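The figures that follow rest on heavy atoms only: side chains count, while hydrogens, waters and symmetry mates do not. Computed from a predicted structure; not experimentally measured.
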Amino acid sequence: MRLAILGGGGFRVPLVYGALLGDRGEGRVSEVVLHDVDAGRLDAVTRVLAEQADGVPDAPLVRATTDLDDALRGADFVFSAIRVGGLRGRAEDERVALAEGVLGQETVGAGGIAYGLRTVPVAVDIARRVARLAPDAWVINFTNPAGLVTEAMSRYLGDRVIGICDSPVGLGRRVARALGADPSEAFVDYVGLNHLGWVRGLRVAGHDELPRLLADLDRLGSFEEGRLFGPEWLRSLGAIPNEYLHYYYFNRETVRAYQEAESTRGAFLRDQQSRFYTDALNPGGSALRAWEDTRAEREATYMAENRESAGAGEREEEDLAGGYEQVALALMRAIARDERTTLILNVRNRSTLAALDADAVIEVPCLVGADGAHPLATDPLPGHATGLVCSVKAVEREVLAAAESGSRETAVKAFALHPLVDSVNVARRLVDGYTAVHPELAYLT
């Protein structure tokens, strides 16, 4: 079975390959084709993968190419993890937004809109090529903003594109541990959009254990979300929000923390990964060791500004392991081998949430098998959550419309309607600022 990884020179590719190395049995991936527009990054990551595979029998073969059509032909699965504009673009997204006093995070608020406007045209081109060159392939999208990009691609690939994110998985794992439950035996009732969802229940042996957690302030404060949001706020919500909702519930504090930080997250990663790619190509060094050291620092500093503003302290050791590669592997295995399982994924709504139309991509538990991923029935969200979901989905639709039409006016509308951008004039200045620094946005007229 052949897996094509788009963004194959990306920093997280070794996580995916490491998961594949541990997979055994029929229907496993036997060949990995890495595609990237940057040949130097491909060389660096290929070196890391070669060290990972050393001594592993029947390790998947690895081939690298800068030709997208070559990468797609013959693929059974396509893993999309591209970053249009690179980390330089992410750093600019943050800088332009913070200069206007609004959030520049890569998936939330102004930064997420800018990233979406750069990424959607490229993702649509990929989807069209997949439909033409590999019509039977399944596309697993991790490109951010994951829900928005998955919805853009679904207009050409239908249900054969599925978005993944490790954030709900990590949240469910932490909630289960706080309750003393085995995460592998718990069903997480999670509903929302990508980076905008809530755990509303955690069922073990058919019984919802979340009320027990919400009644215990000490337990609520024992894990990351409890420290980030505060136990009292979680109890008021009656749910455990995805960590990215901290940008909404504590927006002023977070923006201030980002403005006061020595560097933004994007700038930090830009500089850190620049060092990694240089070190990985050093003939006398270990590319794998360079990657491992860089990854440890990357994970430890994840959402550092949010934790600092909330006084949440350092990340726990168990939360440094990541997890999106395991979700991707489980998804591929479920489809390729018909190993039916339940995973939290980004898929088309169909009739799951009555407040949204059938084609809106949402993030919910899905039953997965050889015929793809199917969202499970769920109870409606409470009013405050429904309002936020509908508001952000409306913004996503404006981003898609702007990307399709090239309309600068529609792009301004997308920024202005976002809950975290509080002024039409700010929205206009954001579009001016982003088009000035991103050549990828030259299509907006």
Side-chain angles (χ1 to χ4, degrees), residues 83-85 87 89-120 143-149 151 165 167 192-198 228-229 241-261 264-269 302-310 363 384-385 387-400 402-403 410-435 437-438 441 444:
R83 181 175 287 281
V84 179
L87 287 171
R90 178 173 176 177
E92 292 287 4
D93 288 345
E94 294 167 333
R95 183 187 64 79
V96 170
L98 289 173
E100 292 294 338
V102 296
L103 187 69
Q105 203 275 337
E106 70 165 338
T107 63
V108 177
I113 295 172
Y115 190 23
L117 287 170
R118 292 202 309 280
T119 305
V120 165
T143 297
N144 276 325
L148 171 64
V149 172
E151 184 164 330
C165 181
S167 189
L193 307 180
N194 180 240
H195 290 178
L196 191 78
W198 298 260
L228 194 60
F229 293 99
N242 183 297
E243 59 202 345
Y244 283 81
L245 275 155
H246 192 264
Y247 294 115
Y248 291 88
Y249 295 146
F250 296 90
N251 181 252
R252 293 189 182 189
E253 294 83 355
T254 304
V255 169
R256 187 181 307 117
Y258 271 76
Q259 289 174 324
E260 295 173 354
T264 63
R265 178 66 171 173
F268 167 78
L269 291 176
Y302 177 68
M303 293 189 76
E305 290 81 9
N306 299 70
R307 295 198 308 278
E308 181 178 350
S309 70
E363 193 169 71
H384 67 87
L388 191 52
V389 163
C390 290
S391 178
V392 172
K393 179 55 69 176
V395 170
E396 291 184 353
R397 290 286 171 76
E398 296 298 334
V399 172
L400 292 174
T410 305
V412 169
K413 186 179 178 184
F415 283 101
L417 292 178
H418 198 282
L420 300 184
V421 178
D422 54 1
S423 163
V424 174
N425 289 329
V426 168
R428 289 174 177 145
R429 291 197 297 271
L430 287 168
V431 172
D432 289 341
Y434 285 131
T435 53
V437 298
H438 291 312
L441 295 182
L444 291 175

Report summary line: Between the OH atom in Tyr258 and the OH atom in Tyr247, the distance rounded to the nearest 0.5 Å is 3.0 Å
Query raised in the report: Can you tell me if Ser167 and Asn242 form a side-chain donor-acceptor pair at under 3.5 Å?
Result: yes
Report summary line: The side-chain hydrogen bond (donor to acceptor under 3.5 Å, both in side chains) partners of Asp93 (sequence neighbours excluded) come to Arg118, His438
Requested in this report: Show your working on side-chain contact (heavy atoms from CB on, under 4.5 Å) between Glu363 and Leu193 and close with a plain yes or no.
Outcome: CA-CA 5 Å; Glu363 193 169 71; Leu193 307 180; 5.7 Å; no
**Report entry** Heavy-atom check, side chain of Glu243 versus side chain of His246, under 4.5 Å
**Finding:** no
Report summary line: dist Leu148:CG -> Asn194:CG (nearest 0.5 Å) comes out at 9.5 Å
Query raised in the report: What residues form a ring-ring contact (aromatic ring centres under 6.0 Å, His included) with Tyr115, not counting sequence neighbours?
Result: none
Report task. Heavy atoms only: give me the nearest Phe250-Phe229 pair and the separation to one decimal. Result -> CZ-O, 3.5 Å
Query raised in the report: Is any side-chain heavy atom of Gln105 less than 4.5 Å from a side-chain heavy atom of Thr254?
Result: no
Report summary line: Residue set satisfying side-chain contact (heavy atoms from CB on, under 4.5 Å) with Val255, at least two apart, ordered chain then number -> Leu98, Leu103, Asn251, Gln259
Requested in this report: Check Pro145 against Thr107 and note the closest heavy-atom contact, atom names and distance.
Outcome: CA-CG2, 4.2 Å
Query raised in the report: Heavy atoms, side chains only, cut-off 4.5 Å: are Glu100 and Val426 in contact?
Result: yes
Report task. Give a yes or no on whether a salt bridge exists between Glu253 and Arg256, defined as a side-chain N under 4.0 angstrom from a carboxylate O. Result -> no
Query raised in the report: How about Leu388 and Leu196: do any of their side-chain heavy atoms sit closer than 4.5 Å?
Result: yes
Query raised in the report: Can you name the nearest heavy-atom pair linking Glu94 to Ala267, along with the distance?
Result: OE1-N, 3.7 Å
**Report entry** Audit row: Thr264, Arg90, side-chain contact (heavy atoms from CB on, under 4.5 Å) steps and yes/no
**Finding:** CA-CA 9 Å; Thr264 63; Arg90 178 173 176 177; over 6 Å; no
Query - Partner set under side-chain hydrogen bond (donor to acceptor under 3.5 Å, both in side chains) for Arg83, not counting sequence neighbours - result: Glu106
**Report entry** Approximate separation, where rounding is to 0.5 Å, of Arg429 CZ and Ser423 OG
**Finding:** 6.0 Å
Report task. Take Trp198 and Leu245, measure what side-chain contact (heavy atoms from CB on, under 4.5 Å) needs, and give me the verdict at the end. Result -> CA-CA 9 Å; Trp198 298 260; Leu245 275 155; 3.5 Å; yes
Query raised in the report: At their closest point, which heavy atom of Leu444 faces which heavy atom of Ala411, and how far apart are they?
Result: CD1-CB, 4.0 Å
Query raised in the report: More than 12 heavy atoms of other residues, nucleotides or ligands under 6.0 Å from NZ of Lys413: is that the case?
Result: no
Report summary line: Residues at least two apart in sequence or cross-chain that pass side-chain hydrogen bond (donor to acceptor under 3.5 Å, both in side chains) with Asp422, listed by chain then number, are none
Query raised in the report: For Arg397, what residues pass the salt bridge (Lys or Arg N to Asp or Glu O under 4.0 Å) criterion, not counting sequence neighbours?
Result: Glu151, Asp357
Requested in this report: Please check if the side chain of Thr119 supplies one atom and the backbone of Gly116 the other of a donor-acceptor pair under 3.5 Å.
Outcome: no
Query raised in the report: Which atom names give the shortest non-hydrogen contact between Val389 and Gly192, and what distance separates them?
Result: CG2-CA, 4.5 Å
Requested in this report: Please name the pair of heavy atoms, one in Leu430 and one in Ala97, separated by the smallest distance, quoted to 0.1 Å.
Outcome: CD2-CA, 3.9 Å
Query raised in the report: Is there a side-chain contact between Leu117 and Tyr434, using heavy atoms and a 4.5 Å cut-off?
Result: no
